[in-house]
Structure formats: structure tokens, C-alpha cells
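Attaching a single structure in C-alpha cells format; questions to follow.
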Amino acid sequence: MKYKPVPLIYNPAAGALRRGLEPISQIIAELERRGFAAVPCPTSAAGEATQLARDAVKEGREMIIVCGGDGTINEAAQALVGSETVLAIWPGGTANVLAKDLRLPRRPGDLADLIAAGRTMTISVGRAIKPETNWQRYFLLMAGIGLDAAIVKSVDVRLKRELGFGAYWAAGLNFLVRWPLTPFSITLNEKQYEATLAIVANAPGYGGWFKLAPRARLDDDKLDVCTFNTRSRIEYLTYAVLSLTGSHTLSPHVTYQETQVASANANHSALVQLDGDLAGPLPMRFECVPRALRVICPGPVANGRDSTRRLI
């Protein structure tokens, strides 16, 4: 069965595409064998994936495919939230955290089969809002406040091209050695907490290996918030190891709870990152937007329940 042309939005600078665009040709060929005409739509600047996705929604496209990392996927999702256009993800970035949380297959043929099958799931997203302004932005994975965002800001772009996620480790260790931790306050469920790092999570994955919000679910109506209130660099290194299994939540100076709304303020020098991209300083408000985005998914997402349905 032939389907309408499907926009294939991709970031040529993404990890898997830096050495050439052969993967894009492979994607197009795999989809053509299954009756899809994928139309390549490369991005050339920040924010362009949002505009390409917005055009697809206006044109009434049933689905778009995004090949890139979590940042490119986040950009495209800005235009898809609340629409009927389905997001299909072809992992091509440094960490591909959302693809892992959605349990997407890794083999190109299996992934093309999944897209052709058209099985979808509706997930929630997070929304970050700057008070007293018109600025807002959705996040699919997490908002990181404080230490986490400061590390994102200090990542060397050239080193990221060479080492991938290893560049974040290098930036993190360098930051812990050289720079002071910036405290801030965050309000959850009408109670205020002090912290130097907070993760406001819509999904359980973080950076590919870590589980900073181990009980978070993409398909519920809450955000999971993990706060760290320590200025000890040794403690942070310990938390990093414990978070590989999610056991950091039992540690001193760590709180973990669910909420629908969180507000962080009191220190304008503390930064925020959304899905790995810097979003600016506090204050900022975070909220869950339930059932906001349809995605191609093989079955139950990480920590979720089976609520999938067919696209066609």
C-alpha cells in the first residue's frame, strides 16, 4: 500500500551523520521497500526542525520522521504537540535517550518495519515557562536545573564531535573541579526545597545510561522531580555512580517525588537545560502536559503501560 510522502527531517551535524549522509539514503531505501516515499528535509540552523515540522502539520501530513539526536527531536516536537501528526524517530544522535525510552529497535530494517506498521502511542510532555513573559518550550525528557545545565553550557562543541557523550563527562569533571555550585530553591507540592541540582523528568532515561528519575513515565500525567542539595564534589561523584541503577534516591541530601507543577526561582544565576539544550536562567515554571504527542512505538514504553494503537 502506498502512503503520502513523509517528510524526513534530519540534522547533518548529528552524531551518526557527521561522516556522511549514507544513513539517510539507507533510510529512504528501507522505507521505499515498504511503500513510503520519504522526502529528505535537512536542517541548516537551530530551530529549523521546528519550522519544517510546523509546515508538515499545516500540510496535513499524517507523520514525520526525524533523524538526529534528542535536540533535533525536541525541536520538531515543538510544532507537533497537540496536533494529529505522528512523530517517528530514527535515532541518529549522540545519546538517543528518547529512542531508548521508547524501546525503538536498533536495526534499520526493524525500525522501517515499525514505521510502516504505524503503531502509535500518545505520550505526555513537559512544558517550561518563564514567568511574566510569553516564552515557553516543551521538553520530552527532562529539565535540568543548576549543576546539570552549567555542565551543558560548558561542553566543548569540537570535543563533542570527537567524543560524543564523553564530552559531557569531560565538562562535568572539569566543572566540579573548577567552579562553585550555585544554590537555588524549587517548590514542589507547596513545599520549598533548597538544591544545587534538580532534574524535572518526563521520562526515566538520562544521558543514555543514568536513571536519575527511575520511576518517571512518558504516559502518565505527572513529572518526577529529583533534587540534590549538596556542595560536596565527592558526593556528586558518588551520586553519579548510584544513578546508574537509580539507587541515588535513597541517599542523604536527595529528595524524589511526583508533581504536576514545579517552580524554581530565587537565584537568577542558576541555569536550566531542556533535553540537553540550554534554555536560560531561572526563574522558571515546569508543568506536565498530558497526552500531548503521538509517537511511533513498538509497545509499552519504559515504566509505562500498553496503550498503543494503529496509525492507519
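Computed from a prediction, not measured in an experiment: that's the story for all the values here.
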- List in chain and number order the residues that pass side chain to side chain donor-acceptor pair (under 3.5 Å) with Q260, two or more places apart in sequence or in another chain; answer none if no residue qualifies. none

- Task: Check whether any side-chain heavy atom of V200 lies under 4.5 Å from a side-chain heavy atom of I145, and answer yes or no.
- Result: yes

- Query: Can you tell me how far the CD atom of E258 sits from the CG atom of D221, to the nearest 0.5 Å?
  - Reply: 9.0 Å

- Heavy-atom side-chain contact between T196 and L147 under 4.5 Å: no

- Message: Are the side chains of V66 and I89 in contact, using a 4.5 Å heavy-atom criterion?
- Response: no

- Test side chain to side chain contact (heavy atoms under 4.5 Å, CB included) applied to P42 - qualifying residues, sequence neighbours left out: Y10, P12

- Does a side-chain heavy-atom distance below 4.5 Å link I27 with P108? no

- Message: Going by the rule side chain to side chain donor-acceptor pair (under 3.5 Å), which residues pair with Q26 if we only count those two or more places apart in sequence or in a different chain?
- Response: none

- Task: Please check if the side chain of S247 supplies one atom and the backbone of L242 the other of a donor-acceptor pair under 3.5 Å.
- Result: yes

- Item | Pairing residues for T227 by the side chain to side chain contact (heavy atoms under 4.5 Å, CB included) criterion, not counting sequence neighbours | I186, L188, A195, A198, V225, T255

- Task: Start with the C-alpha distance between F210 and H248, add both sets of side-chain angles, then the distance that settles side-chain contact (heavy atoms from CB on, under 4.5 Å), and finish with yes or no.
- Result: CA-CA 10 Å; F210 302 101; H248 63 287; over 6 Å; no

- Message: Would you say that K100 contacts P91 through its side chain, given a criterion of any heavy-atom pair below 4.5 Å between the two side chains?
- Response: no

- Any residue meeting side chain to side chain donor-acceptor pair (under 3.5 Å) with T187, in chain and number order, not counting sequence neighbours: none

- Query: Should L114 and I73 be regarded as members of a common hydrophobic cluster, given that ILVMFWY residues are connected when their side-chain heavy atoms come within less than 4.5 Å of each other, either directly or indirectly?
  - Reply: yes

- Spacing of C297 atom SG and R103 atom CZ [to the nearest 0.5 Å]: 8.5 Å

Quiz: residues 46-55 side-chain donor-acceptor pairs under 3.5 angstrom, not counting sequence neighbours:
from	atom 1	to	atom 2	distance (Å)
E48	OE1	S44	N	2.8
E48	OE1	S44	OG	2.7
E48	OE1	A45	N	3.4
T50	OG1	E75	O	2.6
Q51	OE1	R54	NH1	3.1
Q51	NE2	D55	OD1	2.9

- Query: Under the 3.5 angstrom rule, does the side chain of N96 hit a backbone N or O of G69 as a donor-acceptor pair?
  - Reply: no

- Flag, side chain of D101 to backbone of G205, donor-acceptor distance under 3.5 Å: yes

- Message: Run the side-chain contact (heavy atoms from CB on, under 4.5 Å) test on L8 and L31 for me, step by step, so that the C-alpha distance in whole Å, both residues' side-chain angles and the decisive distance to 0.1 Å come before the verdict.
- Response: CA-CA 11 Å; L8 170 58; L31 292 171; 5.7 Å; no

- Closest heavy-atom contact between Y256 and A213? OH-C, 3.3 Å

- By side chain to side chain contact (heavy atoms under 4.5 Å, CB included), T85 pairs with (sequence neighbours left out) V57, I64, L80, S83

- Sub-4.5 Å side-chain heavy-atom contact between L282 and V272: yes

- Task: Begin from the C-alpha positions of I115 and M63 and carry the test side-chain contact (heavy atoms from CB on, under 4.5 Å) through to its verdict.
- Result: CA-CA 10 Å; I115 293 173; M63 176 172 63; 3.6 Å; yes

- State whether the side chain of S124 and the backbone N or O of D220 hold a donor-acceptor pair below 3.5 Å, judged by distance alone. yes

- Message: Test of understanding: with side chain to side chain donor-acceptor pair (under 3.5 Å), list the residues that count as partners of D148, not counting sequence neighbours.
- Response: Y206, Q273

- Message: Once side-chain hydrogen bond (donor to acceptor under 3.5 Å, both in side chains) is applied, what residue pairs with a partner in residues 128-146 remain, sequence neighbours excluded?
- Response: N74-R137

- Note on the structure: SG (C41) and CD1 (I24) are apart, to the nearest 0.5 Å, by 10.5 Å

- Note on the structure: CZ (R294) and CZ (R291) are apart, to the nearest 0.5 Å, by 10.0 Å

- Got a donor-acceptor contact below 3.5 angstrom from the N202 side chain to the L218 backbone? no

- Expected output: side-chain D70 to main-chain D275 donor-acceptor under 3.5 Å: no

- Are V86 and V289 co-members of a hydrophobic cluster defined by side-chain heavy atoms under 4.5 Å apart? yes

- Item | S185 versus N265, side-chain donor and acceptor atoms under 3.5 Å | yes

- Message: Is any side-chain heavy atom of L111 closer than 4.5 Å to one of W90?
- Response: yes

- Task: Please state whether the rings of Y236 and F228 are parallel, tilted or perpendicular, taking 30° and 60° as the class boundaries.
- Result: tilted

- Sub-4.5 Å side-chain heavy-atom contact between Y193 and Q257: yes

- Item | Qualifying salt bridge (Lys or Arg N to Asp or Glu O under 4.0 Å) pairs with a residue from residues 120-129, counting only residues at least two apart or across chains | R127-E287

- Message: List the residues meeting side chain to side chain contact (heavy atoms under 4.5 Å, CB included) with E235, not counting sequence neighbours, and say none if there are none.
- Response: T230, S232, Y239, H253

- SG-CD1 distance between C226 and I199, expressed to the nearest 0.5 angstrom: 7.5 Å

